[in-house]
Colleague: 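Below is a structure I'd like to ask you about.
We use all heavy atoms of the structure for the numbers below, so side chains are in, but hydrogens, waters and symmetry mates are not.
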Amino acid sequence: KVAVDSVVLRLGDTNDDFVRFENGTGAFLFQNTGVAGQLDGDIALDIPGGVRSSGSFRLQLNTTGAAVNEIFELNGSPLALELQAGPYLRVAGTEVGLEFAGQTLEGSFSFAQLSDGTVRVKASNVALSIASSTTTFANVTGGAGDFLIDDAGMLGVLSVQNAVFVVPAGSLTFEEVRIELNTRQVAVSSEFDLGDGPVAVEFSAGPYVRTAVLGARLTLDDVLVGDVAAELAGDFYFDQSGGVIRLAMTNVRSRVEVDGEGGELVNGIGALVMTSDGVAGLVEGRLSGSIGELEAETTIYVRINNTGGPVNEVVRFGEREITVIFSASEGRLFQVTLDGLSLNVADVVSIEGSFTFVSSGDLQVSAGQDVTIFIGDGPASNADGTRNENARGLRINDATVGIVKSTSESGEALYAVDAIGTLEVVGLSGVTFTGSVRVRINMLTQSVDEVVVFPNSDESVKVNFSSAEIANGT
């Protein structure tokens, strides 16, 4: 029997000590069948990425193959050595913490050296809270699983038994919750045991500690798609950086409305910033099915804000940085932008280009930059995008246009249009025109005052018609 203190143990490969057990105090029992011992001390972590530990740990060693129950004397006081049958060497702590990326995992952790020089960390009863100074957005408990430490960093995933999420101005449902950690700055795939055998897990590039909410559905208050609350479905990932609560999203699906017609965004990725007032962010995906002349797989962008105010943040998702910017006038917004859209206004005007759509009460408001407007006998372009040489009329190039659409009681589409661009005469021999032109059309029987801000820009389009500039209704 040997009582010891100031013991140091190193766990790692031949080049690096990933875990260093220090200030160990306890006892060893040497027998013909092996060695057994138990020490209390601290650990220091040297893991690429900068994981830190807090709390007290215990080293336990038993190579005897049998349980041990002995009494030692250390510094004049009795010390009990009670160990389960081995063999094993482990460093474990209960009610301790692992700190990384500004967040702390609290629970029970044990470190074990593997034969290849890596260190496996078993975790149980783990809790993680994601909160601002005023609001707790995510609180998960009962996390269990494991992590792997090698010379590239630390990687792992925990299943979660209990999770509570608070989404201001919204609600969140889900199928599964995990805690994921990756200190590496590259994407990686690895297998981890979440309680029912090995599971392959895909990790995006780190570094992060995040709460993965799989099979989630987020419903947002105060922003509508048509006449129902906006929703986002997919796999969501909560994390916190620099005091900012962020939500990265993959496999996103969302109902959208374009010029009064419904469709669905699919295969989307995006990011949201969460505040105590709501969420704000953007999603990029593909159009499922068709809307008007738009075919499936058209790229579609959605900007969302229900915070009621301005937002200016950057969310990093893997190697991609997504800037989330909304002006003060965009506090309640569900804005859809589409590439390659063709609009027909009352069979008189055709407009082609990229457009942004928002709802304003019962009105559908859209705006476009660098679009082409054609007035006359067309269409202006063929199906393959080339010019229609048989078209005759007026073509406005590089135009900026704002459109307000309303539906009459009889179901007829009515438009207010304000556009400015460079005029070109098409198909009329001997007639030429050079210069800018402005086109204003109002079919509505009401005044109009709408503004659309282009995504990620300070530029906007106004559509303004006074009460003296309305249709007479006949």
Colleague: If we ignore hydrogens and angles and just use 3.5 Å, is the side chain of Glu180 paired with the main-chain N or O of Glu202 as donor and acceptor?
Modeller: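 Side chain of Glu180 to backbone of Glu202: no pair is present.
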
Colleague: Report, one line per pair, each donor and acceptor closer than 3.5 Å where one atom sits in a side chain of residues 91-112; sequence neighbours left out.
Modeller:
unit_1 : atom_1 : unit_2 : atom_2 : d
Glu99  : OE1    : Arg52  : NH2    : 3.1
Gln103 : NE2    : Val209 : O      : 2.9

Colleague: Report, as yes or no, whether the 6.0 Å neighbourhood of atom CZ on Arg392 holds more than 12 heavy atoms from other residues, nucleotides or ligands.
Modeller: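 Atom CZ in Arg392 is not packed in, count stays at 12 or less.
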
Colleague: On the ring face of Phe174, is Arg217 found with NZ or CZ under 6.0 Å from the centre and within 45° of the axis?
Modeller: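 The answer is no; the distance or angle limit is not met.
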
Colleague: Search all heavy atoms of Asn162 against all heavy atoms of Val160 and return the closest pair with its distance.
Modeller: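 That closest heavy-atom pairing would be O-CG1, 3.1 Å.
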
Colleague: Measure across Ser254 and Glu231 and return the closest heavy-atom pair with its distance rounded to 0.1 Å.
Modeller: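 Smallest interatomic distance, heavy atoms only, reads OG-O, 2.8 Å.
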
Colleague: Kindly determine whether Glu176 and Val213 satisfy side chain to side chain contact (heavy atoms under 4.5 Å, CB included), including the steps that lead there.
Modeller: CA-CA 6 Å; Glu176 181 183 359; Val213 186; over 6 Å; no

Colleague: Are Asn306 and Asp222 linked by a side-chain donor-acceptor pair shorter than 3.5 Å?
Modeller: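 No.
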
Colleague: Quick one: do Asp418 and Arg438 make a salt bridge, cutoff under 4.0 Å?
Modeller: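 Arg438 and Asp418: salt-bridged.
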
Colleague: If we only count heavy atoms from C-beta on, is the Glu264 to Val256 side-chain gap below 4.5 Å?
Modeller: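 No, their side chains stay 4.5 Å or more apart.
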
Colleague: For Phe334, does the six-membered ring have the charged nitrogen or CZ of Arg303 within the cation-pi criterion, i.e. under 6.0 angstrom from the centroid and within 45° of the normal?
Modeller: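 The answer is no, since Arg303 fails at least one limit relative to Phe334.
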
Colleague: Could you go step by step and tell me if Phe357 and Ser366 meet the side chain to side chain contact (heavy atoms under 4.5 Å, CB included) rule?
Modeller: CA-CA 4 Å; Phe357 294 83; Ser366 58; 3.5 Å; yes

Colleague: Between the main-chain N or O of Gly411 and the side-chain N or O of Thr407, is there a donor-acceptor pair closer than 3.5 Å?
Modeller: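 No.
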
Colleague: Return a table of donor-acceptor pairs under 3.5 angstrom between the side chains of residues 271-284 and protein atoms on other chains or two or more places apart.
Modeller:
unit_1 : atom_1 : unit_2 : atom_2 : d
Thr275 : OG1    : Asp277 : N      : 3.1
Thr275 : OG1    : Gly278 : N      : 3.3
Thr275 : OG1    : Gly278 : O      : 3.4
Glu284 : OE1    : Arg320 : NH2    : 3.1

Colleague: Begin with the C-alpha distance, continue with both residues' side-chain angles, and end with the deciding distance and a verdict on side chain to side chain contact (heavy atoms under 4.5 Å, CB included) for Ile130 and Ile245.
Modeller: CA-CA 7 Å; Ile130 299 177; Ile245 312 300; 3.7 Å; yes

Colleague: Just so I know, are the side chains of Val452 and Val358 near enough to count as touching, which here means a heavy-atom distance under 4.5 Å?
Modeller: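 The answer is yes, as the side chains (C-beta and beyond) meet within the 4.5 Å cut-off.
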
Colleague: Does the Asp377 side chain pair with the main chain of Gly393, one donor and one acceptor, at a distance under 3.5 Å?
Modeller: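 Checked: no pair found.
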
Colleague: Do Tyr208 and Leu181 make a side-chain contact, defined as non-hydrogen atoms from C-beta onward lying under 4.5 Å apart?
Modeller: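 Result no, sub-4.5 Å side-chain heavy-atom pair not found.
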
Colleague: Check for a donor-acceptor pair, side chain of Arg395 on one end and backbone N or O of Ile373 on the other, with a separation under 3.5 Å.
Modeller: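 Answer holds: no.
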
Colleague: Evaluate side chain to side chain donor-acceptor pair (under 3.5 Å) for Arg253 paired with Asn251, printing each intermediate quantity in order.
Modeller: CA-CA 7 Å; Arg253 306 182 312 278; Asn251 304 316; over 6 Å; no

Colleague: For Glu424 and Asn397: C-alpha separation, side-chain torsions, deciding distance, then whether side chain to side chain contact (heavy atoms under 4.5 Å, CB included) applies.
Modeller: CA-CA 7 Å; Glu424 175 187 0; Asn397 300 308; 2.9 Å; yes

Colleague: Applying side chain to side chain donor-acceptor pair (under 3.5 Å) to Arg178 and Thr211, what does each step give before you reach the verdict?
Modeller: CA-CA 6 Å; Arg178 298 175 179 175; Thr211 301; over 6 Å; no

Colleague: Using a 3.5 Å cut-off and no angle test, enumerate the donor-acceptor pairs between side-chain atoms of residues 135-159 and protein atoms at least two apart in sequence or in another chain.
Modeller:
unit_1 : atom_1 : unit_2 : atom_2 : d
Asp146 : OD2    : Arg120 : NH1    : 3.4
Asp150 : OD1    : Ala152 : N      : 2.9
Asp150 : OD1    : Gly153 : N      : 3.3
Asp150 : OD1    : Arg184 : NH2    : 3.3
Asp150 : OD2    : Arg184 : NH2    : 3.1
Ser159 : OG     : Ala144 : O      : 3.2

Colleague: Considering residues at least two apart in sequence or located in another chain, which fulfil the side chain to side chain donor-acceptor pair (under 3.5 Å) criterion with Asn305?
Modeller: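 Listed in chain order: Thr307.
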
Colleague: Give the minimum heavy-atom separation between Thr183 and Pro48, together with the two atoms involved.
Modeller: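 Minimum heavy-atom contact is OG1-O, 2.9 Å.
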
Colleague: Heavy atoms only: give me the nearest Arg332-Val223 pair and the separation to one decimal.
Modeller: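 Looking at all heavy atoms of both residues, the closest pair is C-CG1, 4.0 Å.
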
Colleague: List in chain and number order the residues that pass ring-ring contact (aromatic ring centres under 6.0 Å, His included) with Phe238, two or more places apart in sequence or in another chain; answer none if no residue qualifies.
Modeller: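 Phe238 satisfies ring-ring contact (aromatic ring centres under 6.0 Å, His included) with Phe165 once adjacent residues are dropped.
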
Colleague: Do Gln369 and Thr400 pair up side chain to side chain, a donor and an acceptor below 3.5 Å, judged on atom types alone?
Modeller: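 There is no such pair (donor and acceptor under 3.5 Å, judged by atom type) between the side chains of Gln369 and Thr400.
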
Colleague: Check step by step if side chain to side chain donor-acceptor pair (under 3.5 Å) holds for Arg210 and Ser204.
Modeller: CA-CA 11 Å; Arg210 67 189 188 186; Ser204 61; 3.0 Å; yes

Colleague: Is the backbone of Leu363 close enough, under 3.5 Å, to the side chain of Ser406 for a donor and an acceptor to pair up by distance?
Modeller: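 The answer is no, because no donor-acceptor pair under 3.5 Å joins these two groups.
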
Colleague: For the residue pair Val463 and Ile403, what are the closest heavy atoms and their distance?
Modeller: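 Closest approach of Val463 to Ile403: CG2-N, 3.9 Å.
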
Colleague: Is a side-chain donor-acceptor pair under 3.5 Å present for Glu352 with Thr372?
Modeller: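 Thr372 vs Glu352: no donor-acceptor pair found between side chains.
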
Colleague: Around atom CG of Asp116, are there more than 12 heavy atoms from other residues, nucleotides or ligands closer than 6.0 Å?
Modeller: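 Result for CG/Asp116: enclosed.
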
Colleague: Write down the atom of Val119, the atom of Gly12, and the distance for their closest heavy-atom approach.
Modeller: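 Closest pair (atom of Val119, atom of Gly12, distance): CG2-N, 4.1 Å.
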
Colleague: For Glu389, what residues pass the side-chain contact (heavy atoms from CB on, under 4.5 Å) criterion, not counting sequence neighbours?
Modeller: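 Per chain and number, Glu389 pairs via side-chain contact (heavy atoms from CB on, under 4.5 Å) with Arg387.
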
